[in-house]
> 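Below you'll find the structure I mean.
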Amino acid sequence: MEKSYDPAEVEGRIYDFWISSGLHKSEITNSAKVFSIVIPPPNVTGSLHIGHALNNTIQDILIRYKRMKNFDVLWVPGTDHAGIATQMMVEKELASEGLTKNDLGRDKFLERIWQWKENSGSRITEQLRRLGALPDWEMERFTLDEGLSEAVRKVFVDLYSQGLIYRDKRLVNWDPELRTAISDLEVEQRETRGNYWYIRYPIEGDDGLSVTVATTRPETMLGDTAVAVHPDDPRYSALVGRNAVLPLVGRKIPVIADEYSDPEKGTGAVKITPGHDFNDFEVGKRNGLDIINILDERGYVEGDVPEKYSGLERFEARKAVIKDLEDGGFLVKVEQTVHMVPYGDRSGAVVEPWLTDQWYVNAGELAVQAISCVERGDIRFHPRFWENTYFEWMKNIEPWCISRQLWWGHRIPAWYGPDGEIFVAANEHEAIACAEKHYGEEVTLVRDPDVLDTWFSSGLWPFSTLGWPQDTEELGHYYPTSCLVTGFDIIFFWVARMIMLGLKFMDDVPFRDVYVHGLIRDAKGRKMSKTTGNVIDPIDVIEKYGADALRFSLAALAAQGRDIKLTFPVIEGYRNFMNKIWNATRFVFMNLEPGLVYDSDVDSSRLSVPDRWILTRLNVTLGEVEGFIENYEFDKASQALYHFIWDDYCDWYLEISKFSLYGEDGESKKTTLNVLVRVLLRSLRALHPFAPYITEEIFRIFGEKGVSLPESEGLGSKSILDVQYPTPSENEMFKDESEQVELVKSVVTGIRNLRAIMGVHPSDKVSIHLNSESGEIEDVLRENLEIIFGMSSLGDCVVCGGDFQGKAISEVVSGVEIVMPVENLLDLEKEISRLSKDLAKVSQELKKTEGKLANSDFIKRAPEDIVEKERGKLDEFQSHKKKLEEILRKLSAV
RNA sequence: GGGCGGUUAGCUCAGCGGGAGAGCACCUGCCUUACAAGCAGGGGGUCACAGGUUCAAAUCCUGUACCGCCCA
């Protein structure tokens with residue numbers, strides 16, 4: 001083995017081994033234990049960012065863990081066609097060739113995107129492999145696969161036939177740059193600096209009488225069809241029912257009373273533009289107002305407007321309108337303001353409310369079940385508080401606009417007859433049949449040119465990937481899936497829709513648990529973005545530190561309900577941990593004895609005190625880790641393993657083992673080696689979901705070295721993944737011996753401290769006197785003298801030698817007085833001050849404990865074990881204090 | 001404006017009713033044949049603030065302040 005772990009050398013080889021061994025493949029058995037996950041499909045155009053790395057690390061941990069727990073596991077990988085994102089990207093590519101999609105035409109353009117997908121669409125899944133993610137690649141799906149498209153068509157047709165999908169003419173969020181409708185969720189409200197323009201609208205037939213309205217979008221006045229005031233606003237009551245004359249246009253528009261108008265805001269009178277504002281649209285509906293459209297699909301002024309504005313881009317039109325209002329004396333004042341402006345999340349363009357025909361899903365009705373299933377606990381969010389966010393949105397859900405004026409995506413399965421009659425069908429053939437029945441003759445149908453919102457197809461992902469609408473074996477076996485791992489940013493976009501559609505079409509929830517992880521931020525807590533230039537590319541990290549270090553870092557930082565600030569020193573720390581494991585293994589291999597069988601049933605009577613201690617610590621840790629993983633507490637699970645392996649196994653057990661390994665007693669040596677190997681192997685298995693590469697590699701080397709392992713430790717298994725996940729064994733928990741080692745450890749640390757204070761060179765031997773008031777403790781010390789000697793490099797040690805009278809420095813630890821004779825105290829003052837500090841601390845603790853025990857309420861009301869514990873503390877503190885005082889008295893006398 | 005998180009060691013964060021913890025950084029000493037990507041030792045915190053509940057509060061409740069996110 002090399003001196004340092006080299007992930008670059010290992011990872012590719014191990015991944016190929018997993019695939020060639022078929023370890024990724026799922027297998028349906030008749031096991032009752034099933035665990036399935038569907039990947040949140042990344043955009044096919046994307047490349048792996050650090051958020052994907054977190055998301056997929058967690059899924060991979062769960063999958064590997066459950067596989068080792070003998071579950072039937074399935075992890076479905078795949079990608080999303082990502083309508084807008086992909087189309088934009090290919091359009092951009094075309095633009096660099098001086099072409100537009102219209103030059104190619106629909107079919108050629110789609111051909112081009114497919115071609116792109118064939119060539120470059122597997123980039124992100126390749127990168128997932130680098131991370132060590134091991135989904136069942138044979139189950140890989142793409143949202144535009146034929147099977148998934150069939151699912152989409154069926155869902156559309158069924159929902160349409162039930163009236164849950166319908167076509168409607170209403171205002172939508174229109175992205176003038178992409179020239180498509182987008183859903184509410186794709187609109188980002190951003191605080192933007194702007195102005196309030198106060199515009200005076202003269203009242204018809206009354207010179208000098210006017211009403212002033214304020215607006216942030218003055219150009220929309222061209223489409224005004226009313227002025228609204230509050231019914232109870234006395235300032236305007238006389239005007240209600242009269243007409244205002246729209247400046248620049250000359251149109252007469254009524255002054256109406258409507259509660260929408262807020263007397264507190266602006267002038268209390270508002271202009272109403274039903275064609276270009278969501279609220280005004282509602283006011284218009286209530287009051288039977290005309291709707292005037294003044295914009296085309298690009299956001300240029302058109303329609304029934306004065307000639308001079310026609311053809312102007314919307315912001316140019318704004319300037320022109322303002323100038324003309326000013327010139328005409330209609331502009332009363334301008335006020336600077338900060339207000340919310342809607343932007344398209346993809347294009348970054350200002351979104352316009354625009355009146356069009358679009359397809360909608362009646363989300364309100366689907367939400368009813370989706371809400372109650374979470375209320376009932378059929379689906380549980382982790383952490384729980386995300387359920388509030390979910391409920392809040394679901395209870396106020398709006399119709400979901402699902403049509404997009406794009407080419408890339410699932411084309412809407414709707415055809416129009418010559419008179420506009422709609423025929424929705426799974427395919428053209430059926431649509432024609434329906435149409436013939438309807439018209440009684442053959443007619444030409446025109447298919448709806450639009451495609452569906454990408455989230456419509458990904459909303460079906462948990463069952464469409466398993467073969468629905470076919471009744472496949474996978475669907476029966478793996479649905480509902482066990483857990484969904486996702487970021488909170490797509491709870492509405494995706495999670496909510498999967499729940500609605502899963503309940504509707506599968507009659508069951510799509511998943512039992514939703515684990516919501518945080519967002520990865522940079523060292524300063526900022527979002528990572530290309531423009532800020534603070535992105536950490538997971539592939540770079542993998543190349544520099546290895547996939548295991550990255551995975552372990554992400555797991556260790558994944559505290560529930562919190563974002564993750566990822567920094568290189570942390571990753572480096574866990575890279576070092578991998579190296580630590582590597583070197584511990586090297587140590588074990590250096591001491592392996594050829595032909596020795598590392599059976600897991602060592603005669604327990606042979607186990608030494610440290611053996612029993614490390615086994616206990618292992619089993620405690622294994623129990624913790626299991627609980628943590630089951631609760632999605634990956635931070636705690638990984639940290640428990642980290643501390644066990646580094647602190648307990650490497651820093652103490654491995655060091656202690658040397659006394660036996662380098663000693664003369666053959667039997668003891670054999671037992672120690674057995675324990676060393678067993679604990680290492682079980683740790684590796686426990687660690688495998690977190691750090692799959694290094695653990696598999698070490699397991700492989702064990703096989704290569706011909707080490708004879710018992711079956712329970714993986715004998716005969718080609719992969720560590722095929723060995724059972726280690727579980728704590730009750731009969732390897734030794735309470736007494738564990739406490740003994742903890743005592744010995746604190747004494748050793750105490751001695752080392754005294755050595756450090758005196759500046760004793762590590763290789764110099766020193767003499768020590770140990771005293772305790774407890775004979776029991778002294779027995780423990782005597783029984784473990786070899787460890788104390790070795791671990792603190794002693795030349796001589798007297799246990800219970802009574803008071804030592806010569807020059808010495810001392811320390812009191814766990815009821816043991818440690819006395820180290822010295823030739824001369826270098827700094828008496830410093831020594832006194834050090835011990836006085838200890839004394840002050842103990843005295844304070846003692847006082848607190850005494851206070852508690854003197855309190856009759858405490859004795860009466862506190863549980864007995866707490867009181868008992870407090871009594872124990874009293875003894876300990878008293879003896880500690882007494883010893884310190886004696887030492888200090890002696891020192892002062894010098 | 002409504003909702004949800006957060007405020008603990010210099011930094012990043014665990015702990016969430018019974019003796020204040022980790023990693024990094026810092027200080028001191030060590031290249032001790034597993035590892036200098038390391039070893040050993042050490043310093044460092046009125047747990048944001050104010051009330052309350054309790055025998056007992058960093059931990060539960062109420063309020064305040066500040067930071068962040070989501071929705072209007």
Side-chain angles (χ1 to χ4, degrees), chain A residues 1-5 184-185 189 340 383-393 396 488-489 491-492 518-519 521 523-527 545-546 549 553 556-557 559-591 633 635-636 639-640 642-643 646-647 650-651 654-655 657-658 662 676 748-764 791-793 834 837 841-842 844-846 848-849 851-863 865-867 869-870 872-873 876-877:
Chain A
M1 285 175 80
E2 295 296 320
K3 203 170 166 182
S4 298
Y5 173 59
D184 298 344
L185 284 175
Q189 302 286 340
M340 300 307 270
R384 202 68 192 271
F385 63 75
W386 285 113
E387 288 176 9
N388 294 330
T389 309
Y390 172 81
F391 287 137
E392 199 199 330
W393 188 67
N396 299 295
F488 56 80
D489 50 332
I491 288 178
F492 304 146
L519 191 74
R521 299 173 174 278
K524 293 176 186 155
R526 297 172 304 184
K527 268 188 188 173
Y545 300 102
S553 303
L557 294 172
Q560 283 196 8
R562 239 184 146 115
D563 284 349
I564 294 173
K565 281 181 202 168
L566 187 67
T567 59
F568 287 106
V570 169
I571 302 169
E572 201 177 307
Y574 290 117
R575 185 275 313 262
N576 295 352
F577 177 51
M578 298 306 145
N579 193 231
K580 189 77 183 173
I581 296 164
W582 184 257
N583 276 290
T585 307
R586 280 180 67 219
F587 172 80
V588 171
F589 281 147
M590 282 171 60
N591 292 285
E633 294 175 301
D635 55 330
K636 293 177 191 167
Q639 288 176 55
Y642 176 93
H643 284 114
W646 199 313
D647 300 349
C650 292
D651 284 351
L654 210 139
E655 292 301 327
S657 77
K658 290 176 182 173
Y662 303 159
L676 268 173
V748 166
T749 301
I751 297 171
R752 287 168 171 174
N753 184 16
L754 293 182
R755 296 177 56 111
I757 289 167
M758 291 308 294
V760 180
H761 193 274
S763 59
D764 288 350
M791 294 298 280
S792 30
S793 193
R834 179 179 71 88
K837 216 166 149 188
K841 209 168 164 185
V842 177
Q844 205 195 346
E845 296 287 346
L846 179 62
K848 247 163 79 179
T849 300
K852 272 189 193 174
L853 288 169
N855 182 346
S856 60
D857 280 338
F858 175 71
I859 306 291
K860 242 182 349 212
R861 307 213 172 147
D865 55 318
I866 295 293
V867 177
K869 200 176 159 196
E870 215 59 31
K873 275 156 69 177
E876 185 192 325
F877 294 150

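Since the structure is predicted, the reported quantities are computational estimates derived from the model, not experimental observations. Note: hydrogens, waters and symmetry copies are ignored here, and every other heavy atom, side chains too, is used.
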> Using the C1' atom on both, measure B/G43 against B/A50 and round to a whole Å.
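B/G43 and B/A50 have their C1' atoms separated by 33 Å.
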
> Would A/Phe492 and A/Tyr390 count as a close aromatic pair, with their ring centres under 6.0 Å?
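Not close enough - the centres of the two rings lie 6.0 Å or further apart.
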
> Applying a 3.5 Å limit to both distances, which nucleotide forms a Watson-Crick or G-U wobble pair with B/G1?
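Base partner found: B/C71.
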
> Where the side chain of A/Ala584 is concerned, which of B/G23, B/A34, B/G18 is the nearest nucleotide?
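Comparing B/G23, B/A34, B/G18 against the side chain of A/Ala584, the answer is B/A34.
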
> Please confirm whether any donor atom in the side chain of A/Lys3 sits under 3.5 Å from an acceptor in the base of B/C35, or the reverse.
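By the distance-only test, no, there is no pair.
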
> Taking the P atom in each of B/C27 and B/U64, what is the distance between them to the nearest angstrom?
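B/C27 and B/U64 have their P atoms separated by 44 Å.
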
> 5'-most contact on RNA chain B: A/Asn388 or A/Phe587, nearest heavy atom basis?
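Between the two, 5'-proximity favours A/Asn388.
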
> Is there any protein nitrogen or oxygen under 3.5 Å from a nitrogen or oxygen in nucleotides 44-47 of chain B, and what are the pairs?
| residue | atom | partner | partner atom | Å |
| --- | --- | --- | --- | --- |
| B/G44 | OP1 | A/Lys837 | NZ | 3.1 |

> Checking A/Arg755 side chain against A/Asp764 main chain: does a donor-acceptor pair fall under 3.5 Å?
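Here the side-chain-to-backbone pair exists.
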
> Main chain of A/Leu519, side chain of A/Asp563: is a donor-acceptor contact present, judged purely on distance under 3.5 Å?
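Flag set: sc A/Asp563 to bb A/Leu519 pair under 3.5 Å.
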
> What is the distance from atom CZ of A/Arg752 to atom OG of A/Ser793, rounded to the nearest 0.5 Å?
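Reported value, rounded in 0.5 Å steps: 10.0 Å.
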
> Write down the partner of B/U62 under the Watson-Crick or G-U wobble criteria, each distance required to be under 3.5 Å.
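When the pairing criteria are applied, B/A50 turns out to be the nucleotide that pairs with B/U62.
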
> Rounded to the nearest 0.5 Å, how far does CG of A/Leu654 lie from NZ of A/Lys580?
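The NZ atom of A/Lys580 sits 8.5 Å away from the CG atom of A/Leu654.
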
> What distance, rounded to whole Å, do you find between the two P atoms, one in B/G44 and one in B/U33?
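To the nearest whole Å, 34 Å.
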
> Starting at atom CD of A/Glu655, determine the distance to atom C1' of B/C35, rounded to an integer number of angstrom.
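Rounding to the nearest Å, CD of A/Glu655 and C1' of B/C35 are 10 Å apart.
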
> For A/Tyr662 and B/A34, is the shortest distance between a side-chain N/O and OP1 or OP2 below 4.0 Å?
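For B/A34, OP1 or OP2 has a side-chain N or O of A/Tyr662 closer than 4.0 Å.
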
> Assuming nearest nucleotide by heavy-atom distance, tell me which of A/Tyr574 and A/Asp651 is located more 5' along RNA chain B.
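Checking each residue's closest nucleotide, the 5'-ward one belongs to A/Tyr574.
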
> Ignoring the backbone of A/Lys527, work out which of B/A14, B/U12, B/C70 is nearest its side chain.
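Of B/A14, B/U12, B/C70, B/C70 is nearest to the side chain of A/Lys527.
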
> When you measure from the side chain of A/Phe385, which nucleotide among B/G18, B/U33, B/C4 comes out closest?
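Of the options given, the side chain of A/Phe385 lies nearest B/C4.
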
> With a 4.0 Å cutoff (strictly under), does any side-chain N or O of A/Thr749 reach OP1 or OP2 of B/G41?
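Yes, A/Thr749 has a side-chain N/O under 4.0 Å of OP1/OP2 on B/G41.
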
> For the pair A/Tyr642 and A/Phe577, name the ring-plane relationship: parallel under 30°, tilted 30 to 60°, perpendicular over 60°.
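A/Tyr642 and A/Phe577: tilted rings.
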
> Given B/A34, B/A22, B/C30, which nucleotide is nearest the side-chain atoms of A/Lys580?
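Shortest atom-to-atom distance from the side chain points to B/A34.
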
> Under 4.0 Å from OP1 or OP2 of B/C39: is there any side-chain N or O of A/Trp646 that close?
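Yes, such a contact exists.
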
> Stepwise, does the side chain to side chain contact (heavy atoms under 4.5 Å, CB included) test hold for A/Ser553 with A/Tyr545?
CA-CA 11 Å; A/Ser553 303; A/Tyr545 300 102; over 6 Å; no

> Any donor-acceptor pair, under 3.5 Å, between the side chain of A/Arg752 and the base of B/A40, if you only look at N and O atoms?
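Flag unset: no donor-acceptor pair detected.
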
> Would you indicate what A/Gly573 reaches in the nucleic acid, counting non-hydrogen atoms under 4.0 angstrom: base, sugar-phosphate, or nothing?
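No contact.
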
> When the distance from CD of A/Gln639 to C1' of B/G23 is rounded to whole Å, what number comes out?
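My rounded result for the distance is 8 Å.
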
> B/C30 P sits how many Å from A/Asn753 CG, rounded?
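Atom CG in A/Asn753 sits about 17 Å away from atom P in B/C30.
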
> In whole angstroms, how far is the P atom of B/C39 from the CG atom of A/Asn579?
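So the two atoms are 10 Å apart, to the nearest Å.
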
> Is B/C16 paired to anything, Watson-Crick or G-U wobble with both distances less than 3.5 Å, and if yes, which nucleotide?
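Looking at the geometry, B/C16 pairs with no nucleotide.
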
> For A/Glu392 and B/G5, what is the distance between atoms CD and C1' respectively, to the nearest whole Å?
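Distance, rounded to whole Å: 14 Å.
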
> What interatomic distance, in whole Å, is found between C1' of B/C61 and the corresponding atom of B/C16?
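These two C1' atoms come out 14 Å apart once rounded.
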
> I'd like to know whether NZ of A/Lys841 has more than 12 heavy-atom contacts from other residues, nucleotides or ligands below 6.0 angstrom.
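Counting neighbours around NZ of A/Lys841, 12 or fewer heavy atoms of other residues, nucleotides or ligands fall under 6.0 Å, so no.
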
> Take atom P in B/G21 and the same atom in B/A9, then report the distance between them in whole Å.
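Each nucleotide's P atom is 14 Å from the other's.
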
> Less than 3.5 Å between a donor and an acceptor, one on the side chain of A/Glu870 and one on the base of B/A56, is that the case here?
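There is none.
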
> Have a look at A/Glu387 and say if it touches a base, only the backbone sugar-phosphate, or nothing, with a 4.0 Å heavy-atom cut-off.
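Touches nothing.
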
> Which whole number of Å gives the distance between the P atom of B/U53 and that of B/A40?
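So the two P atoms sit 48 Å from each other.
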
> With rounding to the closest Å, how many angstrom separate the P atoms on B/G38 and B/C24?
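The answer is 8 Å between these two P atoms.
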
> Base, sugar-phosphate, or nothing for A/Leu654, non-hydrogen atoms under 4.0 angstrom?
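The answer is base, as A/Leu654 lies within the cut-off (heavy atoms under 4.0 Å) of a base atom.
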
> Please give, in whole Å, the distance from B/C11 C1' to A/Arg526 CZ?
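That distance rounds to 16 Å.
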
> Do you know which two heavy atoms are closest between A/Met791 and A/Asp651, and how far apart they sit?
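So the two residues come closest at CE-O, 4.1 Å.
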
> Would you indicate, yes or no, if B/G38 has its OP1 or OP2 atom less than 4.0 angstrom from a side-chain nitrogen or oxygen of A/Asn576?
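Looking at the OP1 and OP2 atoms of B/G38, one of them is under 4.0 Å from a side-chain N or O of A/Asn576.
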
> If you measure from the P atom in B/C26 to the same atom in B/C67, how many Å do you get, rounded?
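Nearest-Å result for B/C26 against B/C67 at atom P: 31 Å.
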
> I need the NE2-P distance between A/His761 and B/U28, as an integer number of Å.
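Going from A/His761 (NE2) to B/U28 (P), I get 17 Å.
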
> Determine the contact category for A/Pro383: base if any of its heavy atoms lies under 4.0 Å from a base atom, sugar-phosphate if only primed atoms, P, OP1 or OP2 are that close, otherwise nothing.
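Counting heavy atoms under 4.0 Å across all strands, no contact is made by A/Pro383.
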
> With rounding to the nearest 0.5 Å, note down the distance linking OH in A/Tyr5 to CZ in A/Arg586.
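With rounding to 0.5 Å, OH (A/Tyr5) is 15.0 Å from CZ (A/Arg586).
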
> Return no unless some side-chain N or O of A/Lys565 is found under 4.0 Å from OP1 or OP2 of B/C13.
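Checking A/Lys565 against B/C13: at least one side-chain N or O falls below 4.0 Å of OP1 or OP2.
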
> If I take atom CD in residue A/Glu633 and atom C1' in nucleotide B/A14, what distance separates them, rounded to the nearest angstrom?
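Whole-Å distance recorded here is 11 Å.
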
> Among the nucleotides B/A72, B/C35, B/U7, which one has an atom lying closest to any side-chain atom of A/Met340?
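Closest nucleotide to the A/Met340 side chain: B/A72.
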
> Run the salt-bridge test on A/Lys873 and A/Glu876 with the 4.0 Å N-O cut-off and return the result as yes or no.
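The answer is no: the pair does not qualify as a salt bridge.
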
> Please determine, for B/G23, whether a Watson-Crick or G-U wobble partner exists with both distances under 3.5 Å, and give it or none.
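Its partner is B/C11.
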
